[in-house]
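Step one of this worksheet: look at the structure below.
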Amino acid sequence: MKTALITGITGQDGGHLAQLLNEKGYTIYGIIRGQNNPRRKEVEAEFPYVKLIEADLTDQSSLVRAMMEAKPDEVYNLGAISHVGYSFKDPMVTMDITGKGVLNMLEAIRLTDPENKVRFYQASTSEMYGGTDYNRPEKGYNESSLFHPRSPYGVAKLYGHWITKNYRESYNMYAVSGILFNHEGERRGLEFVTRKITNAVARIKLGLQDHIELGDLWPKRDWGYAGDYVQGMWLMLQQDTPDDYVLATGETHSIEEFLDIAFNEVGISDWRPYVKQNPAFMRPAEVDLLLGDPTKAETQLGWKREVDFPGLVKLMMEHDLELEAKNVK
Ligand code: GDP
């Protein structure tokens, strides 16, 4: 039976991946950061089978110790400052964790695994493409498209992407990057626009709040379901040779379209009276449109997403209606 070490175990993808690997019979270690991490109890309650190790992506010696304790076959580096908007406010910390953290993890593997047995997955992102007109291919971004990140987050992730490739080429490591387009679901944090919307719409329906404040509504994203995407991560580590893959749905939708479906689910056809625009949620540089081309993952890995765009909004709405119903007195 295999052993996996996951950084970012408290995040959305960490949860989905822990579930998947547990179903597959893995022994799972999760790295958790900081004294009295407020998420620790939640992780322990929801994933009692995950063994937690205290370590930090900015502290390389702690990662070496984590490697020595877990002795993993596979390492999934999902830990990051992952919010694009926040990365403009804290670009240095974003670089330290989201960028240099990848190098710290790769070095920890190299130091503790001289026989090159460990397989490494790096969580790369569609934010590396930046959605600028000049580099936007018609069918969507694929593995050979140009990068032009438009946020400190995207720039830091691009460093992580290239250093992973560099370690693969330099040291013959099985190190791969999954370039994942936006993936959402019931575990998504409320700071991301999809979950912010489904949670607010549920609360509006239940009389718990009367409006939602958002930034720009025209940007388009290729939104998939996180539960489908962790399958792809696992598949990337099961191949004969390491390579990078895009995971996406191949469709792009605006925030307005997301609002249409979410409000429709609770019987509201005109959402405009409930939505206020607040410049605080707009970004210094915006990514207009993201669309991914998952052909390589579909043909070479046999990966295919199962949840479509309306299905994603519906499952998030159902979850938040049930969750928020507990707050109705
Ligand atoms: P991202 O694609 O990784 O930046 O994911 P987000 O869910 O944070 O943002 C998706 C898009 O929604 C971006 O174009 C944001 O500018 C836009 N957006 C509009 N209003 C909001 C808001 O209130 N919160 C967030 N997070 N994004 C918003």
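Atoms within a ligand are numbered from 1 in the order they appear, just like the ligands themselves. The first residue of the sequence shown is numbered 1, and numbering continues consecutively from there. Just so it is clear, the model here is predicted, and its values are computed rather than measured.
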- Given L289, V193, L190, which one has a non-hydrogen atom that is nearest to atom 21 (C) of ligand 1?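 The residue whose heavy atom sits nearest atom 21 (C) of ligand 1 is V193.
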[atom]: which protein heavy atom is closest, and how many Å away?
{"atom": "atom 23 (O) of ligand 1", "value": "K196 NZ, 2.7 Å"}
{"atom": "atom 3 (O) of ligand 1", "value": "V84 CG2, 3.5 Å"}
{"atom": "atom 26 (N) of ligand 1", "value": "E191 O, 2.8 Å"}
{"atom": "atom 16 (O) of ligand 1", "value": "E286 OE1, 2.5 Å"}
{"atom": "atom 19 (C) of ligand 1", "value": "D216 O, 3.0 Å"}
{"atom": "atom 9 (O) of ligand 1", "value": "R283 NH2, 3.6 Å"}
{"atom": "atom 13 (C) of ligand 1", "value": "R221 NH2, 3.4 Å"}

- Query: Regarding Y76 and Q122, is there a side-chain donor-to-acceptor distance under 3.5 Å anywhere?
  - Reply: no
- Would you tell me whether T252 and D222 have side-chain atoms, one donor and one acceptor, within less than 3.5 Å of each other? no
- Here the gap from K314 atom NZ to N264 atom CG, rounded to the nearest 0.5 Å, amounts to 9.0 Å
- Query: Roughly how far, to the nearest 0.5 Å, is CG of L180 from CE of M128?
  - Reply: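 Those atoms lie 10.0 Å apart.
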- Just let me know how L214 lines up against ligand 1, side chain, backbone, both or neither, with a heavy-atom cut-off below 4.0 Å. both
- Message: Once you restrict to heavy atoms under 4.0 Å, what part of I255 touches ligand 1? Side chain, backbone, both or neither.
- Response: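 Answer for I255: side chain.
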- Query: Distance under 6.0 Å and angle within 45° of the ring axis: does K296 meet both against Y245?
  - Reply: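 Satisfied, under 6.0 Å and within 45°.
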- Please confirm whether H83 and F192 have ring centers closer than 6.0 angstrom. yes
- Taking the six-membered ring for Trp and the single ring otherwise, decide whether the centroids of Y174 and F120 are under 6.0 Å apart. no
- How are the rings of H183 and Y229 set to each other: parallel, tilted or perpendicular (split at 30° and 60°)? parallel
Using a strict cut-off of 4.0 Å, indicate which atoms of ligand 1 neighbour a heavy atom of [X].
{"X": "H83", "result": "8 (O), 26 (N)"}
{"X": "E127", "result": "1 (P), 2 (O), 3 (O), 4 (O)"}
{"X": "F281", "result": "22 (C), 23 (O)"}
{"X": "G215", "result": "19 (C), 20 (N), 21 (C), 23 (O)"}
{"X": "P219", "result": "14 (O)"}

- Task: Could you tell me whether E256 and R272 have a side-chain N and a carboxylate O separated by less than 4.0 Å?
- Result: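 Judged by the 4.0 Å cut-off on N to carboxylate O distance, E256 and R272 do form a salt bridge.
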- Message: Under 3.5 Å between any N/O of N182 and any N/O of ligand 1: does that happen in this structure?
- Response: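 Yes, there is a polar N/O contact under 3.5 Å.
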- Could you point out which residue of R305, K220, R221 forms a salt bridge (Lys or Arg N to Asp or Glu O under 4.0 Å) with E251?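 Among the candidates, only R305 passes.
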